[in-house]
Asks: 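Got a structure for you, questions after.
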Amino acid sequence: QIFPAPESAVSLSILNMDRPVGVSFNSTELGYQISTIFPFAWYLSKRTIFKNKRIYFNIAMLILFVGAISSETRSSVLGIIISVLVIRYSLDERLNMLGKWLPVILMFLFTAVMVFGFGLSGRLFMLDSSSQGKIFLAWSGVMYMFHNPFGSGLLMTDFFQFKSSILGNFDQFGDQIVAQVKEYTPHNQFINTGVMYGWLGLFVLIYFYKKLWSMLSTIRMYGSVDSNLSIALQASIAGYIVNSMFHNGGPFVLDPFSWYLIGIISAFISSATVCNEKKMC
């Protein structure tokens with residue numbers, strides 16, 4: 001029997017105190033989906049006319065945030081908070097500092113109530129072996145990038161051979177750290193890209209994001225389309241990037257979900273008309 005019976009899998013998850021995964025295959029994918037979709041829920045709430053509909057979308061945003069907390073994926077919660085900051089700073093430049101930070105402060109307070117009320121603080125607020133391991137995973141990736149500036153290729157065969165030769169450098173940090181460094185990739189979108197495609201690939205990725213961001217900013221300032229959608233897309237990019245700093249995310253490192261977001265952004269940019277000479281259309 002290749003796969004265990006469903007009841008056995010559930011019992012094993014409870015015994016191992018695994019994180020809840022909802023309808024997603026695992027909590028990592030769930031966190032990516034939530035942190036990327038969250039700004040779109042805000043956008044839909046802005047597009048509605050009737051007050052009751054806005055209430056429904058605000059409830060949807062609350063459910064998404066609760067889902068991010070329940071997944072116990074710290075990077076997804078941080079990604080949502082960063083996306084909220086992007087929205088606040090882009091939406092109304094006349095707001096004072098308190099007005100810009102107030103939603104984030106409220107989200108932190110709500111997170112604290114949820115976490116400590118439901119006993120999730122052990123993972124969300126503690127520097128456990130998973131968090132510590134990612135520091136050394138990133139370190140090994142950076143070491144390889146200096147060792148081989150042209151990259152290891154998509155399969156990372158040369159990278160894993162390189163890691164085998166430097167495992168002794170991590171012995172002082174314990175067997176768990178050594179095991180993680182030996183088995184996993186760097187768990188950082190930018191370092192992963194640098195390991196796979198070298199420094200040139202890393203620079204291309206940075207330019208790719210910079211170009212998307214600048215085009216959305218131009219459309220928001222001088223375009224003839226709904227600027228709120230441009231803000232939502234920028235916030236979604238920011239949330240995704242923050243999340244992918246701690247996981248194997250990114251458009252060029254075998255993460256197909258990222259291309260859904262890129263496809264939406266590309267369609268929006270291609271359909272937008274930017275006014276000439278900074279004048280309204």
Side-chain angles (χ1 to χ4, degrees), residues 31-50 53-54 56-58 60-61 64-65 68 75-76 78-97 99-104 107 189-190 193 200-245 249-253 255-281:
Y32 269 110
Q33 294 161 13
I34 289 176
S35 61
T36 306
I37 292 171
F38 188 87
F40 293 100
W42 166 82
Y43 169 71
L44 291 175
S45 71
K46 297 292 290 184
R47 289 285 295 174
T48 53
I49 299 174
F50 303 108
K53 289 186 177 181
R54 286 196 177 185
Y56 296 145
F57 284 115
N58 289 332
M61 285 190 285
L64 286 173
F65 191 57
S75 54
S76 64
L78 180 60
I80 288 176
I81 291 173
I82 294 298
S83 68
V84 170
L85 275 177
V86 171
I87 290 172
R88 295 296 290 180
Y89 273 81
S90 302
L91 189 61
D92 194 343
E93 297 178 354
R94 296 169 299 176
L95 289 174
N96 57 29
M97 190 60 64
K100 293 178 182 295
W101 279 93
L102 184 59
V104 177
M107 292 178 78
Q189 174 183 182
F190 296 93
T193 302
L200 179 59
L202 175 61
F203 293 142
V204 168
L205 177 66
I206 294 173
Y207 177 78
F208 177 75
Y209 279 128
K210 180 180 180 298
K211 192 67 175 178
L212 285 180
W213 188 274
S214 62
M215 293 180 74
L216 288 173
S217 296
T218 302
I219 292 171
R220 177 170 62 86
M221 295 175 64
Y222 311 120
S224 61
V225 294
D226 186 0
S227 62
N228 284 334
L229 181 54
S230 180
I231 294 173
L233 291 171
Q234 284 184 315
S236 187
I237 290 176
Y240 180 85
I241 289 177
V242 168
N243 203 336
S244 68
M245 296 293 286
F252 306 114
V253 291
D255 176 27
F257 179 73
S258 63
W259 288 103
Y260 287 96
L261 176 60
I262 293 170
I264 294 172
I265 294 173
S266 300
F268 174 72
I269 291 174
S270 64
S271 63
T273 301
V274 178
C275 304
N276 295 324
E277 298 179 0
K278 302 182 181 180
K279 296 179 180 178
M280 296 299 293
C281 295

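Just so you know, these numbers come straight off a predicted model, no measurement behind them.
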Asks: Could you walk me through whether F40 and L261 satisfy the side-chain contact (heavy atoms from CB on, under 4.5 Å) test, starting with their C-alpha distance in whole Å, then the side-chain angles of each, then the deciding distance to 0.1 Å, before giving a yes or no?
Replies: CA-CA 11 Å; F40 293 100; L261 176 60; 4.1 Å; yes

Asks: Determine the interplanar angle of the F252 and F208 rings, folded into 0 to 90°, and report it as parallel if under 30°, tilted if 30 to 60°, perpendicular if over 60°.
Replies: perpendicular

Asks: For I82 and A238, work out which heavy atoms get closest and say how close.
Replies: CG2-CB, 4.1 Å

Asks: Return the minimal non-hydrogen interatomic distance between S258 and P251, and the atom names on each side.
Replies: OG-CA, 3.1 Å

Asks: Got a second to check how far W259's CH2 is from I265's CD1, nearest 0.5 Å?
Replies: 10.5 Å

Asks: Would you give the length of the straight line joining atom CG of N243 to atom CG of L78, rounded to the nearest 0.5 angstrom?
Replies: 8.5 Å

Asks: If I compare all heavy atoms of G250 with all of Y240, which pair ends up nearest, and what's the gap?
Replies: N-OH, 2.8 Å

Asks: In terms of heavy-atom contacts, does CZ of F257 have more than 12 from other residues, nucleotides or ligands at under 6.0 Å?
Replies: yes

Asks: Quick one: pull up OG in S244 and CD1 in I237 and give me the separation to the nearest 0.5 Å.
Replies: 11.5 Å

Asks: Rounded to the nearest 0.5 Å, how far does OG1 of T36 lie from CD1 of I241?
Replies: 10.5 Å

Asks: Applying side-chain contact (heavy atoms from CB on, under 4.5 Å), run through I34 and S76 and close with a yes or a no.
Replies: CA-CA 7 Å; I34 289 176; S76 64; 5.6 Å; no

Asks: Please report the shortest heavy-atom distance between S35 and I80, naming the atom on each side.
Replies: CA-CG1, 3.8 Å

Asks: Apply side-chain contact (heavy atoms from CB on, under 4.5 Å) to the pair W42 and N228, showing each step before the final yes or no.
Replies: CA-CA 9 Å; W42 166 82; N228 284 334; 3.9 Å; yes

Asks: Give the table of side-chain donor-acceptor pairs shorter than 3.5 Å for residues 210-217, with sequence neighbours excluded, one pair per line with atom names and distance.
Replies:
from, atom 1, to, atom 2, distance (Å)
S214, OG, K210, O, 3.1
S214, OG, K211, O, 3.0
S217, OG, W213, O, 3.0
S217, OG, Q234, NE2, 2.7

